[in-house]
Amino acid sequence: MIEVDARGLSCPEPVLLTLDALEEAGDEAVLTIVSDTNQRDNVKTQAQRKGKTVSVEQKGQDWYLTIQ
């Protein structure tokens with residue numbers, strides 16, 4: 001699993017980093033960690049537009065998006 005830690009980054013950086021990781025990952029899952037609900041929603045939307053399935057889990061202040 002490829003991990004993208006995008007906590008504290010401004011949009012569109014979390015989305016761009018996630019899309020790069022998805023390209024690199026092939027069939028492997030990508031875990032993106034963000035610290036803001038807008039980042040969470042933007043990453044989720046863009047991953048779904050690529051045909052990916054996204055599961056979201058909140059841990060403390062952070063959001064963990066597992067993308068497959």
Side-chain angles (χ1 to χ4, degrees):
M1 179 180 296
I2 295 176
E3 185 175 308
V4 176
D5 188 344
R7 291 177 279 197
L9 298 179
S10 299
C11 278
E13 286 182 281
V15 171
L16 296 175
L17 291 171
T18 299
L19 293 177
D20 287 346
L22 287 170
E23 287 290 322
E24 181 184 325
D27 291 335
E28 191 177 353
V30 172
L31 173 66
T32 299
I33 308 167
V34 296
S35 53
D36 179 272
T37 56
N38 288 329
Q39 296 166 343
R40 176 200 65 200
D41 295 344
N42 291 341
V43 168
K44 182 178 179 182
T45 298
Q46 292 303 317
Q48 288 174 329
R49 285 185 180 168
K50 294 281 188 184
K52 302 295 185 179
T53 302
V54 183
S55 62
V56 180
E57 181 180 356
Q58 185 175 12
K59 295 181 183 178
Q61 300 288 326
D62 299 325
W63 296 92
Y64 288 69
L65 294 90
T66 303
I67 305 164
Q68 297 181 318

Show every donor-acceptor pair shorter than 3.5 Å between a side-chain atom in residues 50-68 and any protein atom, with sequence neighbours excluded, or say none if there are none.
| residue | atom | partner | partner atom | Å |
| --- | --- | --- | --- | --- |
| Gln58 | NE2 | Gly60 | O | 3.1 |
| Asp62 | OD2 | Arg7 | NH1 | 3.1 |

* If two hydrophobic side chains count as joined below 4.5 Å and joins carry through other members, does Leu17 share a cluster with Ile2? -> yes
* **Which atom of Met1 lies closest to which atom of Glu28, heavy atoms considered** => N-OE2, 2.6 Å
* Structure fact -> Residue pairs passing the salt bridge (charged side-chain N to carboxylate O under 4.0 Å, His left out) test with at least one member in residues 14-24, sequence neighbours excluded, are none
Distance-only criterion, 3.5 Å: show the donor-acceptor pairs between side-chain atoms of residues 33-43 and protein atoms not counting sequence neighbours.
| residue | atom | partner | partner atom | Å |
| --- | --- | --- | --- | --- |
| Ser35 | OG | Gly8 | N | 3.0 |
| Asp36 | OD1 | Asn38 | N | 2.7 |
| Asp36 | OD1 | Gln39 | N | 3.3 |
| Gln39 | OE1 | Ser35 | N | 3.1 |
| Gln39 | OE1 | Asp36 | N | 3.2 |
| Gln39 | NE2 | Leu9 | O | 2.3 |
| Asn42 | ND2 | Asn38 | O | 3.3 |

* Asked: Can you name the nearest heavy-atom pair linking Val4 to Ala21, along with the distance?
  -> CG2-CB, 3.6 Å
